[in-house]
Number of protein chains: 2
Amino acid sequence: METNDFIHILTEKGLKITPQRLAVLDALRRLHNHPTPDQVCRMVKSSHPHIAIGTVYKTLETFVEKGILKKVKTDGDVMRYDDVPHCHHHLYCADSQRIEDYFDDELNALLDDYFKRKQIPNFNVDEVRLHINGRFVGE
Amino acid sequence: METNDFIHILTEKGLKITPQRLAVLDALRRLHNHPTPDQVCRMVKSSHPHIAIGTVYKTLETFVEKGILKKVKTDGDVMRYDDVPHCHHHLYCADSQRIEDYFDDELNALLDDYFKRKQIPNFNVDEVRLHINGRFVGE
DNA sequence: ATTGCTGCAAACTCTTTGCAAGTTC
DNA sequence: GAACTTGCAAAGAGTTTGCAGCAAT
């Protein structure tokens, strides 16, 4: 039963348990593809028709502040959110708005090693994320 | 005399030479720090008070289409533009909106090599950009 | 002369905010 | 009951669009 997971996530961060927040968490789990607030809202509405778009925005923003979500950087004009917690990279398709996760431990190790060795003047590195631009083919 | 450079850039792309475009190119050169359309507009207005913000947006968009500029990906809500043509990465400061260029040929070679070796299923890589998140210190 | 560009203003989209009413702890 | 959360609607910010007049080739 995954509702318990959601409750755990919220209590852990000191947030109150509300049906709206649970529904947003559920929507994020189903939409696992860097959804926009609008996509989240539509998904939530299917189970919870009265939710307001403003509530979705506030909820997502709260989750970012608490570290439950991250914003995904885009060069478009809408926000997109990422619910995957551990370090990964993104594949950006030049032909569409598609953004996919890319996991690669070998690469992570390589980068980790590189930036441990190489210091950047006046800058402390927290984390490194790759934006891999290209095209999806033959699927 | 750098106006000639600007004229060359425009004619090369089949764009007409207008005072506004030259002024935008000049502003981009001076602002070399991933400016927003609004910053570009204010800079241009100092030499060219009658330019319209709409013109700046259209000009920047045209330049992106022609490959003169790139959009910088952010998780904020404003566009930012990058006038540096060759491959480089970005340092994102967690404490401010600051974004700095980061050049590192050794790193580029490493990545190039890595992705030549490692194929990503169903995806052709065009280019890889690092988003290096952290903090500027002691300046 | 033709084609393309600019300025202006209105329209649009996405996001944030204020607040009264309702929930959670 | 205190503190927080929601829904709603209005406001705000950033960006795009339509079009008449103007400028570049």
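Just so we're on the same page: letters track the sequence lines, and every chain starts at 1. All values below come from the heavy atoms of this structure, side chains included, with hydrogens, waters and symmetry mates left out.
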- Give the rounded distance in Å between these two atoms: CG of A:D75 and P of C:dC14. 16 Å
- For B:T55, does its backbone N or O pair with a side-chain atom of B:T59 as donor and acceptor, under 3.5 Å? yes
- Query: A:I7 has an atom CD1; how far is it from atom P of C:dT24, in whole Å?
  - Reply: 12 Å
- Which nucleotide in the set C:dT15, C:dC25, D:dT6 lies at the smallest distance from any side-chain heavy atom of A:I17? C:dC25
- Is there a donor-acceptor pair closer than 3.5 Å between any side-chain N or O of B:K13 and the backbone N or O of B:K66? yes
- Residue B:P19, side-chain atoms from C-beta onward, closest of D:dG7, D:dA24, C:dT24: D:dA24
- Please check if the side chain of A:R129 supplies one atom and the backbone of A:H88 the other of a donor-acceptor pair under 3.5 Å. yes
- Do B:E106 and A:K118 meet the salt-bridge criterion of a basic N to acidic O distance under 4.0 Å? yes
- Task: Let me know the distance between CG of A:L10 and P of C:dC25, rounded to the nearest Å.
- Result: 10 Å
- With distance as the sole criterion, do the side chain of B:K58 and the base of C:dG7 form a donor-acceptor contact below 3.5 Å? yes
- Query: Taking only N and O in the side chain of B:T18, is any of them less than 4.0 Å away from OP1 or OP2 of D:dA24?
  - Reply: no
- Item | Residue whose closest nucleotide on DNA chain D lies nearer the 5' end, A:I51 versus B:E61 | A:I51
- Query: Within this structure, what is the NE2-to-C1' distance between B:H50 and D:dA23, rounded to whole angstrom?
  - Reply: 16 Å
- Query: A:H34 vs A:H90 aromatic rings, parallel, tilted or perpendicular, using cut-offs 30° and 60°?
  - Reply: perpendicular
- Note on the structure: When B:K16 and B:G54 are each assigned the nearest nucleotide of DNA chain D, the 5'-most assignment goes to B:G54
- Query: Would you say D:dT15 has OP1 or OP2 under 4.0 Å from some side-chain N or O of B:Y57?
  - Reply: yes
- In whole Å, what is the span from the NZ atom of B:K71 to the C1' atom of D:dT15? 10 Å
- Task: Report the nucleotide, chosen from C:dC5, D:dT15, D:dT5, that has the shortest atom-to-atom distance to any side-chain atom of B:R21.
- Result: C:dC5
- Message: Just N and O in the side chain of B:Q20: are any of them under 4.0 Å from OP1 or OP2 of D:dA23?
- Response: no
- Message: Rounding to an integer number of Å, can you tell me how far B:D77 CG sits from D:dG12 C1'?
- Response: 11 Å
- Note on the structure: Here the distance between atom C1' of C:dC5 and atom CD of B:E65, to the nearest Å, is 14 Å
- Query: Could you state the CD-P distance from A:Q97 to C:dC14, rounded to the nearest angstrom?
  - Reply: 12 Å
